[in-house]
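The chains referred to below are lettered A, B, ... by the order of the sequence lines, with proteins before strands, and numbering in each begins at 1. Everything numeric here is computed off the predicted structure, so don't read it as measured data.
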Amino acid sequence: MKRYLLLFLSVSLLISSCKETNPSGPDPDDFDRKAILENWADNIIIPALTNFSEKTESLKTAGNNFAENPGQKALESLRDEWKAGYLALQHVSMFETPKTMEIRFRNNLNIYPVDTAEVKENIGQGDYNLNLPSEIDQQGFPALDYLLYGLAESDTEILAFYNSGNEASAYKEYVLDLVTRIDSLTDVVLNDWNSGYRDEFINNSGNGANSSIDMMVNDYIFYYEKNLRAGKIGIPAGVFSGTPLPQNVEGVYSREFSKELFLESLTATQNFFNGKHFNSETTGLSLSDYLDFLNTIKNGTDLTQLINQQFEESRIKAQNLNSSFTDQIETDNSLMLQTYDELQKNVILLKVDMLQALNINVDYVDADGD
Amino acid sequence: MNLSKSLLIIAAFIFTISCDTNNTNDEIATPESYEFTRDGQSTVSFSGQTTRIKMATELSVAMTDFDNSTEELLLEMYRNQTANGGDANPYSDPDLNAATKSVKSKVAASTDFYSSNTATSVELKNQFETWISAQVNEVFPNQNVEAQPGIAGQIADGTSTRYVSAKGFEYNQMLAKGLIGALMTDQILNNYVSVSVLDAGTNVEDNNNEVVVDGTAYTNMEHNWDEAFGYLYGNSSNTANPNLTIGQDDSFLNAYVGSVESDEDFAGIAQIIFDAFALGRAAIVEGDYELRDEQAEILRTQISTIIGIRAVYYLQLGKTVLEQANPDFGTAFSDLSEGFGFVYSLQFTRQPGTGQPYFTKAEVDGFISLLEAGNGLWDVTPQTLQDISVDIASKFNFTIEEASN
């Protein structure tokens, strides 16, 4: 069974009770939407993707070096590239295009928890096909996390998997397949942007359900709600299951990395909202400017300000968390839940108040899992 | 609450009032819980229905157990018999293996619809075996193949993986949702609340004189009504007050009464259904068969409506996905496979006051041929899904908007 999140009715009810925008205020259609799209494509998305593709290229090189000579030094260098790539991924993961949906980019790169039993079976039997939807949890950054950190307690024991025993070459081959696939999928997405999609994206500047702004904003909020709020915090903290699931943390095997990944993602989503150029202090047009143009006020306060404040509240709350969310959940899960609550407040501001002001409908469905 | 829903309740209310005045039975109140006793012993029994719900649950789960299921095992779960009619033990629950009942024997097996229409009954019973065999012979071998038009295999539904036929259907969903009509709805509406069953043989005389079935505390008629009740609530953790957990007690009719109840357009329908069961049972205890039959008609209206609403709901879900610029076909196919099962189930509904379903088998077959044409769900258009939705909704007291939001 599936349930729809197309809650036009409840959304509009909520709005009518809490929003105070003057109905005779500026018209969303008068804003230069194309200028936003240009800023997103040229100063945020394509630079972030270019950066990520450089990181996946380095990751592939480090993977090759490791496969050729799997020693301590090569392992550490591969881990470094994995971390750098995983952080860079947080700046591109939210952006969907027809191409990313076709190749299921995000799901192939970052579905966690990794299915370690299937990974081992793939390595042992060699008959895997990473293109299959059923194998999304056996590849990408989470599978590398397991293979580089989680096979055993000590580095010596981990390296033994790649150096001795009759499966050593299969282990090396699997690492190679993973880094190669991450890099080639990324190239597909970047090449698509660079070979025509950028213009298509910018020129689709209308305001229908299939316009670039409507679709990108939906994908952005979907990412914020499902991947950032739920995936990184809510699910491992047990918000949906009732029982904490510390093994479902992003980067669980590297142990020290989950908070950094989360904060990077939080920053990336806030930067997108404010139109901040990738890897720069400059800002350009984005949702914040669009809301300001419409003079969107909620309970007497500027909505842009409220949303940015809420990003800050979430960040402040998260500062108290252990660098390993697994450790945090196992010692004091309440801090995780408090962080989740702060993140949730921005779901309301973004998904209800902002979408109403921008006259955008929620277009995604929520799978309830049967 | 919307208008048509209010009208429905008002209509039900007026209906009750008028029957009360006609029949001087205004002392029969609707029991708040489904508990009836004789000489201190409970007279309520529906263990056979609980057993069949559990058998259907195991079968439906085993349909996608690629590692352990075989065609033989799945067919044995459906028949509770070996291929040559011997005793089978296909279930993980030993109580089910010990039972002599089966799912198949009660599929398309109601007295009103199929006792003199055995050719159709056999055809419908065998349809489920066709889906079971196709799952094993068509889908299982392609477990690790990417599905394409004309090729069975797996397809992504968000982060889930669906396993579909060459035409894009999930046989496991068709089977599970098809049983809601062919087993539960048919047995309730066209068998156990029917006059032909309730008043069969010496049932009326026995019930009037409280002649109980040997070794039990209940009369035949009481038991028949309870068996109808059991097909909806038989797996409930609280069978006296099953609405406390409605929707959570199985993945068949109970699940979808719960789903419809949670749609604010239809809130209250679970209580209407329960009340009809409870008052009908109380009427049997009091020997008021007119009141009993009025409750049967309420059940026919409301349970048929559940099937209709869910058919439209899933067709509309699939339609909305297919209308997107980059449709997630796996999501649409899963929705439409469930929708297919509910459309199939429409032929087991019952229009009150008639001997007819809301949609005949021929009409249902017409809908199905539209869904299966060409490469099936790979080809079906949003317009076709809309047309079928309009046809279905037009026979019921709900709108497409109410069913789909």
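Every pair passing side-chain hydrogen bond (donor to acceptor under 3.5 Å, both in side chains) that includes a residue from residues 138-150 of chain B is listed here, sequence neighbours excluded: B:E138-B:Y171.
To the nearest 0.5 Å, atoms CD (B:E323) and CG (A:D363) are separated by 12.5 Å. From B:Q324, atom CD reaches atom CE of A:M101 across 7.0 Å, with rounding to the nearest 0.5 Å.
For A:D137, no part lies under 4.5 angstrom from a heavy atom of chain B.
Between B:N326 and A:E102, the closest side-chain pair of non-hydrogen atoms is not below 4.5 Å.
When all heavy atoms of B:T159 and A:I136 are compared, the closest pair comes out as O-CD1, 3.5 Å. Contact between B:A156 and A:P133 at its shortest, heavy atoms only, is N-CG, 3.5 Å. Nearest heavy atoms, A:L132 versus B:V145: CD2-C, 4.0 Å.
Crowding of B:K54 atom NZ: a count of heavy atoms from other residues, nucleotides or ligands under 6.0 Å not exceeding 12.
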